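The next block holds one structure in the form of structure tokens; read it before the comments.
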Amino acid sequence: MLNDAWTLARKDLCLFFRDKTALALALALPILLATIFGSAMGAMAGGGGGGGTQRIDLLVEDLDGSQASQAFVARLAAVDALMVTTGQNARREVANGEYPAAIVIPAGYGETLAGGAIPKLALLRDPSRSISQQVIAGNLMPVLLESVVQDVGIGLMPNVLDMLKFPESGRADAEDALQASWSKMDEVIARLTAEGAFQDEQAEPATGEAEPSSGGGFNFLEDVPAMLGLEAEDVVGADDDGMPRSWGASHAIAAMAVMMLMFSLVAAGGTLLEEQHEGTLLRLQLAPGAGTSILVGKLVSMGAVGLLQLGILYAYGGIVFDVPVLERPFELALTSLGVVFAATGLGMLFATVCSSRKQLEGLSTLVILVMSAVGGAWFPREITPEWFRFAGQFTITAYAMDAFHGVLWYGKGLLPSGDVEGIWREVCVLYGIGVALTWLSFRFYAKRFLARA
Amino acid sequence: MPVTDTTTDLEFAARARGLVKSYGTSRAVDRIDLEVRRGECLGLLGPNGAGKTTTLKMLSTLVLPTEGQMEVLGLDPVTNGPAVRRRLGVVPQEVALYGDLSARENLAFFARMYGVSAGRVTERADWGLEVSGLADRAGDRVSEFSGGMQRRLNIVAALLHEPELVFLDEPTVGIDPQSRNHIFEMVERLHADGLTLVYTTHQLGEVERLCQRIVIMDRGRILASGTLEELQQGTTPEGAGALDLPADVDLERVVEVLRAAGIKAAVRAPALGLEEIFLALTGRELRDED
């Protein structure tokens with residue numbers, strides 16, 4: 001029995017090693033995925049990963065323009081974990097998904113500080129980007145504390161001494177003592193910041209959605225900003241009736257739509273290779289209307305299958321998870337058609353390039369999983385390394401995810417409307433990718449399947 | 001480029017002159033002249049790698065010739081691919097059907113693909129089921145059929161658009177005697193209906209039964225062509241006649257007696273069968289390449 005088993009095993013190994021391309025793809029896949037996961041997780045964990053700690057975008061809109069407000073912005077900009085950009089229209093930028101959060105420094109900020117009071121700052125947030133929110137909140141705390149110490153605490157010292165009717169003879173010593181005490185506080189904050197103590201505080205809820213603060217429990221994301229004078233406001237995430245949306249469900253629907261669609265359509269494209277192997281393709285090529293119509297037929301059937309899959313997924317998401325699939329039906333249909341077109345083109349390209357089903361499976365798994373990872377279907381792109389985001393720009397997944405998020409989360413239309421931008425760019429890119437991949441697949445098809453040489 | 005002869009379309013279903021197909025430095029087809037007369041069943045014989053399939057592929061528009069002229073049903077296959085294919089039927093060597101579709105679905109699909117008008121698709125599918133003897137299994141999946149049933153369906157799938165010329169590439173490979181006989185009867189019926197057939201096979205008995213003319217190819221060249229009788233004459237010494245003698249007669253003694261009587265005589269082997277002719281022309285060494 002063992003002899004037979006060994007003979008069978010040897011045969012299987014021989015077959016496995018025979019198709020060199022398929023073998024290379026099979027071996028490269030785990031290495032590539034490990035690299036991608038390692039980079040992404042390393043960046044999320046704040047180190048390593050080949051890309052270093054990922055800096056989180058934060059927009060600051062300074063409506064005051066005073067020395068004090070500029071000092072505050074400078075303190076923020078000095079934080080390693082944050083990529084601070086100063087600009088305008090903070091609400092619009094966050095609502096359009098350009099930044100995960102923005103701080104608005106109101107007019108009069110400097111005067112309020114000079115008066116010894118803690119000024120109110122507005123923190124505008126996109127609750128869908130919860131990991132970014134946690135990083136921002138964790139890094140804001142020391143900056144705000146330092147600001148209170150530097151600008152408010154020291155500024156308040158004369159008032160405090162006045163209130164205490166401190167004798168003039170000891171006033172200088174008292175001020176020195178208070179100054180030393182505040183300076184000591186600065187050192188404590190600096191040390192805690194260096195130790196990452198503020199980040200550790202928010203480590204517990206590191207994943208998942210941001211939920212509103214609800215009675216009793218301390219919610220770091222809600223309560224810390226409030227304690228430090230920040231008035232936090234979620235600027236997206238409600239439907240037309242003001243009901244909160246579920247980011248997780250919307251993201252899951254979008255991610256699954258894109259990834260599974262690509263897998264399914266690449267598999268459907270593989271039927272071309274099956275037909276070649278089984279001889280039916282030859283019989284079709286002998287038909288009077290043979291030629292590219294065979295490929296067009298495949299594209300149509302694959303597109304129909306893709307749209308059916310998406311339709312069922314949307315219906316499920318709408319009914320079970322209240323994903324707002326009917327809020328912008330035109331944009332959703334247009335996006336879906338674009339994604340299906342691009343994915344169909346990819347499937348046909350693979351089918352016309354690969355010479356065996358095994359090669360097709362290896363190549364498609366590799367490419368689709370990598371595209372899903374760097375394109376934002378697995379983890380938010382803003383917390384991934386720079387090379388990750390750069391690579392994402394060349395994937396169907398990134399544009400598909402942005403378009404789906406635009407429709408299902410940000411409620412965007414095709415064209416800009418008021419403060420809300422449109423998804424026309426993403427949609428155009430998807431259709432452009434579809435055209436390019438389909439054109440390439442026709443070229444390869446003509447070369448490999450129709451050549452009469 | 002068409003063969004330059006205005007009578008071709010009437011007399012010949014297909015003709016080739018100086019046809020060459022080269023792949024790199026090797027010639028799969030080496031300057032052959034071939035004629036397929038209208039209404040005949042032509043047997044195309046040759047060992048593996050003889051160039052039969054390449055020749056048929058060129059005639060059926062799938063492959064471009066390197067050199068030479070061709071004409072199929074009065075058209076140049078190089079420049080009139082769709083028009084040639086509309087009037088040509090090709091039965092591929094492998095069963096080329098969709099296993100997950102029923103027999104009727106397969107026939108209806110191929111009828112549409114081959115340009116049968118929507119109104120006649122059902123009629124032609126019924127015809128195909130009837131001719132192949134599968135009318136009672138019309139709704140069954142082809143994957144459930146035996147090899148012989150699949151082969152029969154494979155043939156009629158190439159005939160649904162009522163072609164004038166049909167290439168049958170080894171249509172009886174690996175099937176039981178009953179199915180083979182059914183296929184022979186189908187081919188004979190098609191021939192009787194006036195169809196022109198080109199039949200390639202390794203089974204020499206099939207050619208003897210079905211074909212009026214035979215072409216023997218090897219290494220890309222045509223070695224011989226004609227009726228079986230013509231081939232037999234071409235490979236045996238000529239003579240005035242033959243004597244039927246008992247098996248135990250000493251032939252040398254008979255020749256001596258005849259010569260003594262002033263009659264020219266010689267001993268020769270009996271008339272060769274097609275298999276002997278085939279081996280005499282193509283040799284006895286194994287041919288494993290396809």
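Order of the sequence lines fixes the chain letters, A, B, ..., with proteins taken first and strands second; residue numbering starts at 1 for each chain. Fair warning: this is a prediction, and the values are worked out from it, not measured in the lab.
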*What are the two closest heavy atoms between P92(B) and L282(A), and how far apart are they?*
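Looks like CB-CD2, 4.3 Å.
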*Identify the heavy atoms of G279(A) and A96(B) that sit nearest to each other, and give their distance.*
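Between these two residues, the closest heavy atoms are O-CB, 3.4 Å.
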Other residues, nucleotides, ligands: >12 heavy atoms within 6.0 Å of [X] [atom1]:
X       : atom1 : result
K57(B)  : NZ    : no
R221(B) : CZ    : no
M260(A) : CE    : no
F184(B) : CZ    : yes
R141(B) : CZ    : no
N3(A)   : CG    : no
E130(B) : CD    : no
Y316(A) : OH    : no

_Residues of residues 100-129 of chain B contacting chain A, heavy-atom criterion under 4.5 Å, by residue number_ =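 Residues in range: F109(B), F110(B), M113(B), Y114(B).
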*Taking heavy atoms only and a threshold strictly under 4.5 Å, list by residue number the residues of residues 142-149 of chain B that touch chain A; give 'none' if the list is empty.*
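Result: none.
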*Would you mind telling me which of P65(B), A157(B), G81(B), G89(B) has the largest number of heavy-atom pairs within less than 4.5 Å of chain A?*
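Top option by heavy-atom pairs under 4.5 Å: A157(B).
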*asked:* Within this structure, what is the CD-CG distance for the pair E278(A) and L97(B), rounded to the nearest 0.5 Å?
replied: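 Reported to 0.5 Å precision, the distance equals 10.5 Å.
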_Treating R283(A) as the side-chain partner and N154(B) as the backbone partner, does any N or O pair qualify as donor plus acceptor under 3.5 Å?_
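Looks like yes, one N/O pair under 3.5 Å.
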*In terms of heavy-atom proximity below 4.5 Å to chain A, should V95(B) be classed as side chain, backbone, both, or neither?*
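Backbone only.
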*A83(B) portion near chain A, given a 4.5 angstrom heavy-atom threshold*: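 No part of it gets close to chain A.
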*Under 3.5 Å, is there a donor-acceptor pair linking the side chains of E275(A) and Y98(B)?*
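Distance-only check passes for E275(A) and Y98(B).
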